Amino acid sequence: MLITHEKWPRTAQDAEAEQERLAGSVDVSTPLAPFRYIAGLDVAYAIDSSRVAGAVVVLDADTLAVEDMATAVMDVEFPYVSGLLAFREMPALITALGRLSVDPDVLVCDGYGIAHPRRFGLACHLGVLAGKPAMGVAKTAFVGQAAEPGIQRGEAADLVHGGEVVGAVLRTQLSTKPVFVSPGHLITASDATRLALRLATKYRLPETTRLADQLSRRALAGA
DNA sequence: GCGACAG
DNA sequence: ATCTTGTCGC
């Protein structure tokens with residue numbers, strides 16, 4: 001899967017302008033069509049944040065068996081700025097995606113989609129550049145408000161921001177802390193929430209992000 | 001003006 | 001994000 005990203009911003013000002021420019025092409029009203037391969041993406045940082053390892057795992061949508069995986073270790077060039085996470089993590093993720101043999105149909109990212117200050121989180125950015133469905137699953141709150149979902153697995157509450165439903169706070173396992181799901185591109189909030197739940201078969205986080213997390217740490221350690 | 005702030 | 005094993009609790 002090839003993604004080109006030229007004129008990558010180097011300053012926060014340029015990065016924000018880029019997000020506002022690309023936010024217009026986000027589509028979160030198209031239902032997710034049947035698909036075969038689902039990708040999980042995550043990154044790990046060196047203790048001094050000088051290097052980053054991006055990892056992507058591709059699973060069979062039905063069996064969740066691992067079909068392919070790829071990593072990319074590189075120097076970190078963009079600082080961590082809340083709301084601009086994509087500019088820090090995407091170079092490594094895009095490079096890893098380019099090393100895959102199996103082309104994924106849906107991208108499940110570690111972070112947010114439209115539940116973002118400018119409606120353009122990491123999942124939106126990757127989805128738009130790839131031209132594929134993408135969604136985000138985050139572990140902690142960012143923007144928006146939501147009621148506390150029930151303690152049963154599968155219970156969820158709308159995540160509202162700026163008067164709009166931008167995702168959901170979803171309980172993936174009984175009595176565990178809920179996760180924050182938001183659509184990124186070519187998927188609806190409800191479809192993203194359903195998929196997140198289906199992927200969280202045994203743990204709080206979806207298998208996609210769990211596997212990508214482990215892979216990224218291994219890549220960083222062995223590089 | 002004072003906090004909060006994905007990873 | 002990252003430093004970190006076993007351990008207490010549901």
Side-chain angles (χ1 to χ4, degrees), chain A residues 9 12 15-16 18-19 22-23 26 28 40-56 71-94 96 107-128 134-146 150-153 159-162 166-185 189 192-193 196 202-206 208-223:
Chain A
E16 288 190 18
E18 178 74 340
Q19 291 184 324
L22 293 174
V26 168
V28 289
L41 305 86
D42 193 21
V43 304
Y45 293 92
I47 185 170
D48 63 355
S49 295
S50 62
R51 289 195 309 166
V52 62
V56 51
T71 63
V73 179
M74 47 182 63
D75 291 331
V76 175
E77 19 53 76
F78 205 91
Y80 171 72
V81 179
S82 180
L84 299 179
L85 182 65
F87 298 95
R88 186 174 169 78
E89 309 196 332
M90 280 181 66
L93 293 175
I94 288 175
L107 309 178
V108 178
C109 311
D110 187 35
Y112 283 85
I114 63 170
H116 177 279
R118 287 168 293 282
R119 294 285 186 278
F120 200 70
L122 171 65
C124 298
H125 209 146
L126 271 174
V128 168
M135 58 176 274
V137 177
K139 299 176 287 296
T140 62
F142 186 26
V143 300
Q145 296 296 313
I151 66 170
Q152 296 297 318
R153 164 182 159 80
L159 181 58
V160 181
H161 181 240
V166 293
V169 175
L170 170 70
R171 190 89 62 183
T172 55
Q173 296 296 338
L174 177 64
S175 299
T176 59
K177 190 194 309 182
V179 297
F180 301 77
V181 182
S182 57
H185 189 48
T193 302
K202 183 174 169 51
Y203 300 97
R204 177 194 175 219
L205 296 178
T208 37
T209 57
R210 286 188 63 252
L211 294 171
D213 175 78
Q214 297 175 355
L215 181 58
S216 66
R217 298 192 192 203
R218 278 183 291 162
L220 192 62

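Keep in mind that this is a model prediction, so the values were computed, not measured. Just so it is clear: chains get the letters A, B, ... in the order the sequence lines come, proteins before strands, and each one is counted from 1.
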Min and max contacting nt of DNA chain B in 5' to 3' order, chain A heavy atoms within under 4.0 angstrom, are dC5(B) to dG7(B)
Determine whether L159(A) and Y112(A) make a side-chain contact, defined as any pair of heavy atoms from C-beta on separated by less than 4.5 Å.
yes
Exercise for the section: Might you work through the side chain to side chain contact (heavy atoms under 4.5 Å, CB included) test for F120(A) and E18(A), ending with a clear yes or no? Expected result: CA-CA 10 Å; F120(A) 200 70; E18(A) 178 74 340; over 6 Å; no
Between CE of M90(A) and P of dA1(C) the distance, given in whole Å, is 19 Å
**Study point:** Side-chain touch I114(A)/H161(A), heavy atoms, less than 4.5 angstrom
**Key:** no
Here DNA chain C, pairs taken as Watson-Crick or G-U under 3.5 Å and shown with ( ), [ ] when crossing and | when to another strand, reads ..........
Evaluate the side-chain proximity of Q173(A) to Y203(A): yes if any heavy-atom separation is below 4.5 Å, no if none is.
no
query = So what does D110(A) hit on the nucleic acid, given a heavy-atom distance under 4.0 Å: a base, only sugar-phosphate, or nothing?
reply = sugar-phosphate
Interatomic distance, OG@S82(A) vs NE2@H116(A), rounded to 0.5 Å, equals 7.5 Å
| field | R217(A) and D42(A): CA distance, side-chain angles, deciding distance, salt bridge (Lys or Arg N to Asp or Glu O under 4.0 Å) verdict | value | CA-CA 9 Å; R217(A) 298 192 192 203; D42(A) 193 21; over 6 Å; no
What does R217(A) touch in the nucleic acid at a heavy-atom separation under 4.0 angstrom: a base, only the sugar-phosphate, or nothing? sugar-phosphate
From the list L205(A), D110(A), L215(A), side-chain contact (heavy atoms from CB on, under 4.5 Å) partner of R210(A) resolves to L205(A)
* Base, sugar-phosphate, or nothing for L85(A), non-hydrogen atoms under 4.0 angstrom? -> base
Just checking L174(A): base, sugar-phosphate only, or nothing, at a heavy-atom cut-off of under 4.0 Å? nothing
Mark yes or no for whether R88(A), through its side chain, and F78(A), through its backbone, hold a donor-acceptor pair below 3.5 Å. yes
In 5'-to-3' order, the base (B), backbone-only (S) or no-contact (-) status of each nucleotide in nucleotides 5-10 of chain C, using a 4.0 angstrom heavy-atom cut-off, is ------
Rounded to whole Å, the CG-P distance (D48(A) to dT2(C)) equals 12 Å
Under 4.0 angstrom, heavy atoms only, what part of the nucleic acid is G83(A) near: base, sugar-phosphate, or nothing? base
* Asked: Can you tell if the side chain of R118(A) reaches within under 4.5 Å of the side chain of L84(A), non-hydrogen atoms only?
  -> yes
When you compare the side chain of E89(A) with that of V52(A), does any pair of heavy atoms fall below 4.5 Å? no
Report task. Could you tell me whether A115(A) contacts a base, only the sugar-phosphate backbone, or nothing, with contacts defined as non-hydrogen atoms closer than 4.0 Å? Result -> nothing
- prompt: Is L84(A) touching bases, backbone alone, or none of the nucleic acid, heavy atoms closer than 4.0 Å?
  reply: base
Handout entry: Side-chain donor/acceptor of R204(A) to backbone N/O of K139(A), under 3.5 Å
Key = yes
